[in-house]
Amino acid sequence: MARSRGNNALQIERSQKAEFSITPRQREILKMIALGHTNREIGESLDISIRTVEVHRFNLMRRLNVRNVAQLLRQGLQHGLLPRNFGLK
């Protein structure tokens with residue numbers, strides 16, 4: 001039985017979303033980065049060490065295949081990991 005094109009496209013879309021899935025803690029840290037907080041501020045706010053924040057940040061950047069914060073935020077927006085209005089009040 002042949003698969004329909006629509007089903008195949010859905011599978012590709014799901015695999016792309018899975019590739020960019022992040023943990024709730026990584027999402028929280030990504031939002032704080034987007035708001036301009038430093039690693040120290042993030043650590044103090046979440047009651048974790050600066051090193052732990054750095055590891056989460058590194059893992060986010062590696063997972064999204066980016067090299068700097070600007071690229072991280074861009075990819076976060078493009079993949080729906082950040083709300084479009086994340087910095088607005």
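- Hydrophobic cluster membership differs between I48 and V55, with clusters built from Ile, Leu, Val, Met, Phe, Trp and Tyr side chains linked at under 4.5 angstrom.
- Closest of all the heavy-atom pairs between G76 and L64 is N-CD1, 4.5 Å.
- Neither I50 nor M32 shares a network with the other; the hydrophobic side chains, linked directly or stepwise wherever heavy atoms of I, L, V, M, F, W or Y lie under 4.5 Å apart, form separate groups for each.
- Between E54 and R51 a salt bridge is recorded (basic side-chain N to carboxylate O distance below 4.0 Å).
- Between the CZ atom in R25 and the CG atom in L46 there is a gap of 4.5 Å [rounded to 0.5 Å].
- Rounding to the nearest 0.5 angstrom, the gap separating the CG atom in L60 from the OG1 atom in T23 is 7.0 Å.
- The closest donor-acceptor contact from the side chain of R27 to the backbone of I22 lies at 3.5 Å or more, if one exists at all.
- Closest approach of M61 and V69 over heavy atoms only: CE-N, 4.2 Å.
- Going from atom CZ of R57 over to atom CG of N39 covers 4.5 Å, rounded to the nearest 0.5 Å.
- Side-chain contact between H56 and I42 is absent, with no heavy atoms from C-beta onward closer than 4.5 Å.
- Atoms NE2 and CD1, from H37 and I29 in turn, are 12.0 Å apart once rounded to the nearest 0.5 Å.
- Across P83 and K31, no two heavy atoms sit closer than the pair CD-CE, 4.3 Å.
- Expressed to the nearest 0.5 Å, how far CG of N65 lies from CG of L72 amounts to 11.5 Å.
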